[in-house]
Each structure stands twice: as structure tokens, then as C-alpha cells.
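The analysis underlying the following values was restricted to heavy atoms, covering all of them including side chains, and did not include hydrogens, waters or symmetry mates.
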Number of protein chains: 2
Amino acid sequence: MTDFDLNDFLPYQLAAAAARVSRAFAERYRAEFGISIPEWRVLVHLNHAGAVSVREIHARVDMDKSKVSRAAQRLVDAGYVEKRGHAGDRRLVDLRLTAEGHALVGRILPIAATFQAELLATLGEDGMPLKRALTRIMEGK
Amino acid sequence: MTDFDLNDFLPYQLAAAAARVSRAFAERYRAEFGISIPEWRVLVHLNHAGAVSVREIHARVDMDKSKVSRAAQRLVDAGYVEKRGHAGDRRLVDLRLTAEGHALVGRILPIAATFQAELLATLGEDGMPLKRALTRIMEGK
DNA sequence: CCAATATCGTTGCATTTGCAATGAAGTCAA
DNA sequence: TTGACTTCATTGCAAATGCAACGATATTGG
């Protein structure tokens, strides 16, 4: 008990590995496309889900709603996203990709797919159990 | 390609799972002991390694050296850590646990061990491949 | 020996973050 | 209908973060 190595502690291992992977991935598109991780998440979710609200993204993508709101606003300023009032419920804001936003996502997605494929390749047969374990952690909430 | 679900993207899964686990674990000791994650990491590493420098912790524990420096200073102010000049190289600072620091670590470590055991129990047979995969991610770099 | 260079811990600063509060809009029950 | 309550997105603010710069100390090459 008196000897306890942080590097064998699962919460630390998870945090450190996640930080490393995120940094590596972020480098690939920050320089080229100028977007941050929160912005990347919003873009991808909009591409996947169409016109959705801040609340929806917040619920699906593990981001505080203020984080979503600010990331979305930066994307609006950059011309990748447009904001409309929701028909029927005027509290909601519909976010959707602009043509430029679609084009940007189209350029980034192949990079993301390649990145993930390379990562899985280095993990070999542990890749799928890793994904299962992460999914279980997210489900067991 | 046009359909790409963030929830199947490994970097996102890692980040989200890590954030969830860290939040859950941090709740267990923040209320009771009043320490943050960076402070927890410094405490555990000092317990494991004895008297070490800021640089050493920075290298071993995936934290920016300014983050280590500030966490260490908070722990000094709280009475858990003491700072001494290193004999021989006066650029270095030796950080070491005080008696209170050792007592605090002694109370937290069982909680950490229990937390990890519960987490591994929910993961079942995917637990070990998960650890292997995370270790490989940390090595490969 | 000494001048250039490197390393260490701290600090300044701009940015990001989480949380709470706000105002606007919707819901519901009396 | 109205008044209390809920939900939504944004914003204010304090704290945390990453990065670069700094002063102090060590090391190294000539």
C-alpha cells in the first residue's frame, strides 16, 4: 500500500493516454485548419446530426453547454456554421453547417479516419477490447 | 465518409472516458481532502519516489512544469509537502512529503485502490487489454 | 579562466474552463 | 389567464492552463 505507482493507476493511465492522443490529433488540424478540439467536436456532430441545438450537442458530446455555445460562436464567426432560430420553440437555436463547413469537414474526416486507423494498428489485438472498455465506461454513468 | 460518429472515434472515446473517470474519482477526495488532481498526482509521486525535483515530476507524470510548480506550492502552503534546496545543484528543489503529507496519502490510497478495483470489476475481461493498450499508447511516443 | 549555452523553478500573460446567474421563452396547473 | 416552475442559450467571473520569458545556477568549449 505504501508503494503505489501512478503509472499503474487506471484513471491516471486513461487521462495521460487521452491527453497524448488528443494532442497528437489536434496538431494535425490546428495548423492546417485553425480549429480547436471543441470546434472539431461541434463540426463533426453537426455533420452527423444535421441541424441541432446547443443542448443537443451538449448532451451527446460530453461538453459543457457554455463550451458548446462558445465553440459554435467561433465557428459562426469563421463562416463554417450558421445559427437560426428554431421554428416553434424560440428558445432553441438550430446550428447547421454552411457550405464552407461541409467542405471543411470533408477535408478533415479523411485525416481523422487515417489517424484512428494508425492508432488501432499500433494497438493490434488490444484495439477492440479497448473500444469496448471505453464504451462500457461511457454507458455506466 | 459523410457519416462519421464521434462516439466511434477513438480519440474522442478516450477523452470522454478519461474525463468521466477523472471527475468521478476527483469527487471522492475533493470534498473530503480538498485536493485537486494535479495535487493528487504530486502527492502520489512523492510518496512513490521520495525526495524529487519539479523537473522529475514533470517528466514522470505528464504535467507541465508550471503545473507541477503551482501544485507543489499549494501543497507546501497546506502543510503536506516541504521544499528544500538540493545539495550540490542549487537550481534544483527537493520536494518531499511532510508527516501530514504521509498521513494524507495513507488515507487516500485505499480509496484509490478501491476505486480502481471497482472500475476494473465493471470492465471484466476487457480490463487487462485496456491497461495494455493504454500502456502502449504511452510508450509509443 | 571565461564567455556562450543549457537547465531549473517560477512567474506573467493571454486563453480556456467550469459553474452560477441571467434573461428569454415555454409549460402546466389552478 | 395568470403565476410558478422549467428549459434554453448566453454571459460574467474566478480559477486553471499552456507557453514563453525570466533570473539564477551549471556546464561546456576554447
Open item on the list: Could you check whether atom CZ of A/Arg74 has more than 12 heavy atoms from other residues, nucleotides or ligands sitting under 6.0 Å from it?
Closed with: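 Correct, the count exceeds 12.
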- [ ] Scan residues 51-64 of chain A against DNA chain D and write down, sorted by residue number, each residue with any heavy atom closer than 4.0 Å; if none is found, say none.
- [x]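 Those residues whose heavy atoms fall under 4.0 Å from DNA chain D, taken from residues 51-64 of chain A in numerical order, are A/Ser53, A/Val54, A/Arg55.
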Open item on the list: One pair to check against ring pair (Phe, Tyr, Trp, His ring centres under 6.0 Å): A/Tyr80 and A/Phe33. What are the steps and the verdict?
Closed with: CA-CA 11 Å; A/Tyr80 298 128; A/Phe33 304 107; 9.0 Å; no
- [ ] Choose from D/dT25, C/dA25, C/dG9 the nucleotide whose nearest atom is closest to any side-chain atom of A/Arg90.
- [x]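 The nucleotide sitting nearest to the side chain is C/dA25.
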Open item on the list: Nearest to the B/Asp89 side chain among D/dT25, D/dC8, C/dT11, which nucleotide is it?
Closed with: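 Ranking D/dT25, D/dC8, C/dT11 by closest atom to the B/Asp89 side chain puts D/dT25 first.
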Counting only side-chain N and O atoms of [X], is one of them less than 4.0 Å from OP1 or OP2 of [N]?
X       : N      : result
A/Ser66 : D/dT10 : no
B/Ser69 : C/dT10 : yes
A/Lys83 : D/dT10 : yes
B/Lys67 : D/dT17 : yes

Open item on the list: My understanding is that only one of B/Val68, B/Val54, B/Ile37 makes a side chain to side chain contact (heavy atoms under 4.5 Å, CB included) with B/Met63; could you say which?
Closed with: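 Result for side chain to side chain contact (heavy atoms under 4.5 Å, CB included) with B/Met63: B/Val68.
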Take atom [atom1] of [X] and atom [atom2] of [N], then tell me their distance rounded to the nearest Å.
X       : N      : atom1 : atom2 : value
A/Ile35 : C/dT16 : CD1   : C1'   : 17 Å
B/Asp77 : C/dT10 : CG    : C1'   : 14 Å
A/His86 : D/dC8  : NE2   : C1'   : 12 Å
B/Glu27 : C/dC19 : CD    : P     : 9 Å
B/Leu92 : C/dT7  : CG    : P     : 13 Å
B/Lys65 : D/dT17 : NZ    : C1'   : 15 Å

Task: Side chains of A/Ile137 and B/Leu123 in contact at under 4.5 Å (non-hydrogen atoms) - done: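 Answer yes - side chains close enough.
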Open item on the list: I want to check something: taking the side chain as every heavy atom from C-beta on, are B/Val81 and B/Leu43 in contact at a cut-off of under 4.5 Å?
Closed with: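 The answer is yes, as the side chains (C-beta and beyond) meet within the 4.5 Å cut-off.
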Task: Side chain B/Arg91 and base C/dT7 donor-acceptor under 3.5 Å - done: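 For B/Arg91, whose side chain was compared with the base of C/dT7, there is a donor-acceptor pair (under 3.5 Å).
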Open item on the list: For D/dG12, does the base pair up with any side-chain atom of A/Arg70 as donor and acceptor (N or O, under 3.5 Å, distance only)?
Closed with: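 Pair found.
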TODO: Using modelled atom types only, decide if a donor and an acceptor are shared between the side chain of B/Thr135 and the backbone of B/Lys131 within a distance under 3.5 Å.
DONE: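 Judged by distance alone, yes, a pair lies under 3.5 Å.
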TODO: Identify the heavy atoms of B/His48 and A/Asp3 that sit nearest to each other, and give their distance.
DONE: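 For B/His48 and A/Asp3, the tightest heavy-atom pair comes out as ND1-OD1, 2.6 Å.
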- [ ] Please work out if B/Gly85 contacts a base, only the sugar-phosphate, or nothing of the nucleic acid, heavy-atom cut-off 4.0 Å.
- [x]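 Nothing, no nucleic acid heavy atom in range.
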